[in-house]
Amino acid sequence: MGCGGSAVKPRGEDGGLLTETDTDPPDFPYIPNGYPPPKPSYSKKKNLFKEREFRKIDHKAYTAPDEVGNSFDELLKYLLEGLTTDLQRVRAIFCWIGCKNQNPPPNGPPDSPNFILLQVRRNSMSFCYLFARLCREANIPCVIIVGVAKAAGYEVGDSQDVVATQHNRWNGVYVDGEWRLVFPLWAFSAISGHSTGKYTLVERAAAREKEIQSSGVNVTQFNEYYFLPDPDEFVTLAMAIDPKWQFIHDTYDIKKFSDIAHVRPKYFNGDVKILTDNKACLHSKKGEISIGFKAINPKWCGVLSYLLFFNDHESVNPLPKDLQLERYIMMERRSSMWVFHARCPCVGVYKLSVTCGTDDGSFFRICNFKLICNEVKERNQPLPCQVGTAGWGPSKDTSKAGLSSPSQNKGTIHTSGGRNITFSFSVIKDISVRTELLQNGALENLRSSVSHDIDVNSKLNVAVKVPGAGEYALRIHTTDVKTTEETNACNYLISSDQDSQKKKKAENKLEKQAREAMKKATEGIDYVILTTAIDAFTQLDLEDKGDLTAAVNRHMLLQLRRDLRDAVLRRNVGVLEAAIEKAKTSEHEELLRPKIEEAEELLAHLAKLHKFAHGVLQLKQQTVSELHRYKIPPVPVHEVMLATYIMLGEPRENIKNWKSVQGVLGLLGKRGLINRVREFDTVHLMEDIIDEVEGLIKDFNEEMVCLRSPAAATFHTWLTNIVNDYRGNDKPQ
């Protein structure tokens, strides 16, 4: 990273994305009547699908003889034999298409899977049609979803009008009681070498690299991301026009879809998260823009880097020929945070591609931003030097190099010329240290301006005396005495301004009191008192001597803690998800870890309750009315419905006999049975209720109840799951 991190080109990333053809049979309905209504998904892919559990299914699909694809019956008999769930069946169908797309069988009989696959490869039919057809032949509900998607023709920052023309299609498939997404085209095909030809790569020490316009070539692939992606992620890549088929609570429109940053599938690996404004177009202030990321996976050991491009097509003026094209991105490290500070070298339109590196040295792009720069400070100067993957400021890599507990946590230090600055670290390994001070374009030797020593307490002290105005790079290197290998442990950018030492007038009594009140509030846990203290301090326009920064930091921690507490008390899925996401992407994640885990545990519990209730929620009111019409119900039906209302907390006087049970069964609206199951929560559930319900249903299994009433059997399953969950028995029915 740092300046010069862009010297590594991405490898192993997905190619450009395609647009689905629109030449399917006209009599094939996209959304047939009678399917379950679309609703937001409640399961995460990581919980729903674990690839290792499907290896046998995948292998069988990969090794399917070509001839079984000559008829739907033969193919489905081969693929689905022995499979017990719709998820397994969908996976087998998906893998067969993906495998045969890479190794196409010879032409098959008309209207056979092999024949349709050949038409797909000829762009005469679509992958989404073939996938939907196979799912429906297997009696699995599957629809074709129409929307817009950020395919190869999309460039980050395109206008709403342009994005609205990016038509595409994919599938929704109903598995495990909920709708999930599958995009077969993007899973199985991509474009290699596609380029708009609009950009010149800026961050290069060598010659400028201008893109050459190319439509690219189609290639086959097998990209697992597009099999059951989480809808809240997928909607940033492809958006259904009808919001219902986005399967999310907070739906998107074309403006929101166009405005967000262009993230790539590997952004959703769960390693890093965008912290700053997640917008496709970012406008600079005097040529400077900052974009922050946070590592959210504590086990992640990768690195971030970047590529900076100049848009020759949209910029008013071309790049100056004499412009030095390197060191315009400062990659600052702040523990688990990564902040890219872009200094646009001249007025124009840029693209910043953030890349993620792995242990094997490969990089892949995770997101793109369009940077719009309308003015610069005369001409923004490049940084003093390249610092590579170490970046600027202390990080986890600093500890690996033998230094911890830095006195300066930020990568940029502001000072005035001639002033001494000290940096200290705890030495945690047997190392030797080398320090250097560099200035951009300086010819004089700055060795006398920096010194260091390791004291008897194993503390490294580095002293810097900045000789004058300008920017300097302090580089701290360590060498492990065992391996004799030198590592760039930490770098600081020191910005010196000769005029920064302005005399400030002494604070009066009121101002001193405001400062002290804020300091005291910062040490406490009262959010309201701290809010008031910060407001009083800022209204007086007092200088931040580090105390305001500390107070604001503490204020954010208390706010996040309050949000998590309130979300847990409200027990609302949407509120919980928002509070957890905000806490996990903050600088306070570690301090909030117990509260986050509590909220995540509750969220998983509520999702489980929703899953338990799925069968009941699919019942039609007409089916419930059939229960209501029993004059003398079979004993299992009576006991199950009585247990249902006891579980729901119905007063006993309202359900003392079947006639009174009939009365509450006939209620509609908020008091209706299905709605009450939908809103059911276990927060007030007591042991005696569980004992009573279990006593009523234990003598009947689901099959026995189903013989009398399938509807009552659905409630029996719901009750059994609630009881087992309460008892800690992991036996979902």
Residues in salt bridge (Lys or Arg N to Asp or Glu O under 4.0 Å) with [X], at least two apart?
| X | result |
| --- | --- |
| Asp277 | none |
| Lys244 | Asp242 |
| Lys45 | none |

Exercise. Does any non-hydrogen side-chain atom of His262 lie less than 4.5 Å from one of Cys367?
Worked result: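 Counting from C-beta outward, Cys367 and His262 never come under 4.5 Å.
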Could you pull out all residues at least two apart from [X] that satisfy ring-ring contact (aromatic ring centres under 6.0 Å, His included)?
| X | answer |
| --- | --- |
| Phe94 | Phe188, Phe222, Phe227 |
| His341 | none |
| Tyr35 | none |
| Tyr267 | none |

For this session: Determine, for Lys370 against Asp158, whether the closest basic-nitrogen to carboxylate-oxygen distance falls under 4.0 angstrom.
Result: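 No salt bridge links Lys370 with Asp158.
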For this session: Output yes when Lys44 and Glu600 qualify as a salt bridge under the 4.0 Å nitrogen-oxygen rule, no when they do not.
Result: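 A salt bridge is absent here (no side-chain N lies under 4.0 Å from a carboxylate O).
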Got a sec, which residues hit side chain to side chain contact (heavy atoms under 4.5 Å, CB included) with [X], two or more places apart in sequence or on another chain?
| X | result |
| --- | --- |
| Lys255 | Gln160, Asp253, Asp259 |
| Lys50 | Arg52, Glu53 |
| Thr236 | Tyr252, Ile260, Val263, Phe268 |
| Leu275 | Lys294, Met337, Thr585 |

For this session: Keeping to residues at least two apart or across chains, list the ring pair (Phe, Tyr, Trp, His ring centres under 6.0 Å) pairs with something in residues 52-88.
Result: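 As it turns out, the ring pair (Phe, Tyr, Trp, His ring centres under 6.0 Å) pairs with a partner in residues 52-88, which skip direct neighbours, are Phe49-Phe54.
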